[in-house]
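Structure first, then comments.
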Amino acid sequence: MPSRNSINKPKDTMNQAHRRAAVAKKRAARARRGDFAPPRSAAASQSGEIKSTALALYTGAVEERGPWTTKTLSNKRKQKIERNKKYVAARNNKLLIDAQATAEEKMDVDEEPNPVQKKLIKKNTVKDALWSVIEDGVTSQLIVDAQGEGTTLGGPVF
Amino acid sequence: MELAIAPQDQDILLKTKNVINESILNKYRLAGQVSQTALVYITKLINDSYHLQQSPKLSTAELCLLGDSFLASSLEDVYKKGENSVDEKGIAHPVTIDVNSVNGGFSPEIDDDSSSNFKFFEAGDIVTITLGCHVDGYTSNLSHTLVIYPPGELSEGEIRPTGPLLGSKADAIIAAHIANEAVVNLLGAALTPEKLSSIFNGNVGSAVTGAMIRKVVDEIAASFKCVVVPGSRVRRIRRFLAGQSEGIVAEKEYKGVAWSEADQEAALLEKASTSKELITLSDKTNLKGKSINQVSAIPTDEFVVVPGEVYIVDLKMASIAEIKEVGLVTLETLDGYTGKNHDKDAINVKPSIFVRDFAVQHTLKLKTSRQTLNRIDKSRSVYPFKLSHLSDSFPIDLKKLHSEGPAALSEEIQKVNKEIRAARLGLSEILNNHLAVTRNVQVARFLPLQYILKTANPTGAHGYDAENPTLPGLELPLPRLGVSSLKLKSLLKKNSVAVPVAREQSTVVLVQQGISAGGRPELLRLTGGSKTCKPSWVHSNYQLDESKDLVKSILTLIKLGQDKRFGINTRETQPMKLTNILNSGAAAASSEDQMME
């Protein structure tokens, strides 16, 4: 085999082979460790779930699946979560107050619903009307109106 | 895409050539006569092999091929030489034989073994035969629904059916027949409007309008618990414009009534509430930004029937008496792939009818495709065609066939079969490049309304089914609910049931004063009528309710049509005698009038 310093060195082939081998080794190790089992489609798969063990523990999202974990929530993460909760509560409160204020301001104004709403209302009335036809059909099912002699066309000839 | 035609030429093509005169009337008459005779021929074939059992059972594909051959060979020797010769004549609608719930377009090729469905008929089936031919673009189309009875019994020296057909199929047949007769007479009343009852439009002697036609048809359908199947139409036809490419080409100045799912939706809403607000559509907003040509291509009921025009009355009825639910009748399209999956009950049919789209240009790569396209362009016109029409051994020699018996048939079929295979290869490239358009088989299905109302429809009305082009303006099947055709299609698969369809189609010319023999204006019925399209023996439990004013005037209208002296002056084109055609060369002599008053 020619050395790496050879003029005709097969540079790409060797490097690629090396890289392939390395990647394959890592993949095999992961498979052995059980990272790929169960597959993503399986019900037991954890793929796509919350990545941070710490967060999951705090919110209680992870159900018990086997032995207890030794990982704990760090103090810093805990503080951050508590702080964020305060902000969220404050924001929600402010929104509510705003909404009430605007509602009170506009209390005595009888306004036309905006065009989008109007369209929705119309659509619903069409649907409601058709539903009422179905309900009427159910109740009037038993009425037989085939009285009289009926109609005959043609005669006994092919 | 619009084809560029000089306005002068346009006037000649659309106006001058459509003014009814003696020679044009003769062409129409001949086309009508050939269509009528073809129907008689096919009916005879069906009777012989199913009812009288005098010959071996013919399959649908064989019947279609024989019918097409009859049409083509009857027109071979007419208008051929001299100053009267015409450039184009032939089949305007290949023979289609639709069984039960098939709404149209079922006409299998001889080599089509995939269509084991409907290969042979069974007792109790209703079978719609549709066909048409044209001479110089003057077209006559025809549909008629027959009943397949169990083999007949001998009584009074003749084999007769044992009893009438009952049930929903019979309802549909009766509704279609009566509606067709009524509308034909109503069109005839346009010649002498003073005979028209005042019920239709408020005052005596007013013109016949599209709205009146719709009212009459809807009333008759309702009396027999039927629904007018979407795709039914009563429309004016012109030279080369017989509605064969509706949806593919937008036709300027469309004049006619077209039924769609939207009308059923409106009828249901009318039941629910008295307010007009829900029912009326604000279509003025939709017309924005459209040219006059586009607007005139949209069908409305606000037209007046004028003497000198030609109309086709094409009405399909489906009975919903046995279905105990509220819903709509709509059409499911079967392309070549439908029914190829796990669903064993689904019908798998290869589409076999194609229409050339002359607005598209493309250079084909395969030699076979180019050859096929050449053949299409040379031998076919703007009318739909089948692959078997392109074969060299088409039309089959029927005289030889009927003198030698069924053995000769299989030999001829082999020949046609061989040539279809080559053409099929070429056709795929033609279709892929949209040089021709497939006419798919359609099946009528009943969809309960609750599924439409329950479904989530997040895209709303924004969906356009490019595979199934409709008439302009009718793209949205349920405009009031805002349900697109794609949404409707997706609902059909699991929730709907097939309903049998009966169809009657006739072509009529409203001959104005001073042209026909007596000089009186007359209604010339090219196809249909009491002799050729007499209804099969059917009985329905329903009848027209004579206490209603509209029904009363419909009945007087039908009586007017039968009154030779004071009623509507009607003439029917009579079929030629089959024995003459199949035994000797009488087709050439057929241009003589065999008219009966």
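Proteins get letters first, then strands, A, B, ... in listed order; numbering begins at 1 in each.
Remark: the backbone N or O of L481(B) is not paired with any side-chain donor or acceptor of K127(A) at under 3.5 angstrom. Formation of a donor-acceptor pair under 3.5 Å by the T151(A) side chain with backbone atoms of Y542(B) is found in this model. A distance-only check finds no donor-acceptor pair linking the side chain of H539(B) to the backbone of G150(A) [under 3.5 Å]. Although no hydrogens or angles enter the test, the distance criterion places no donor-acceptor pair under 3.5 Å between the side chain of R160(B) and the main chain of V157(A).
Contact of I159(B) with chain A is made through backbone and side chain together, with heavy-atom distances under 4.5 Å. Using a 4.5 Å cut-off between heavy atoms, S540(B) contacts chain A through both its backbone and its side chain. Both the backbone and the side chain of P161(B) come within contact range of chain A, with heavy atoms under 4.5 Å apart.
Atom CG of D48(B) and atom CZ of F158(A) lie 11.0 Å apart (nearest 0.5 Å). Taking NZ of K271(B) as the reference point, atom CG of L130(A) lies at 10.5 Å (rounded to 0.5 Å). The CG atom of L165(B) sits 11.5 Å away from atom OG1 of T152(A), with the distance rounded to the nearest 0.5 Å. Interatomic distance, I134(A) CD1 to E325(B) CD, rounded to the nearest 0.5 Å: 8.0 Å.
Across all non-hydrogen atoms, the minimal contact from Q543(B) to E149(A) is OE1-N, 3.3 Å. The minimum heavy-atom distance linking L153(A) with H177(B) is given by the pair CD1-CD2, 3.7 Å. Nearest heavy atoms, V133(A) versus A272(B): CG2-CB, 3.4 Å.
Your options are I46(B), L453(B), N47(B), I452(B), and the one with the most heavy-atom pairs under 4.5 Å with chain A is L453(B).
Enclosure of atom CD in E546(B) is not indicated, since only 12 or fewer non-hydrogen atoms of other residues, nucleotides or ligands lie within 6.0 angstrom.
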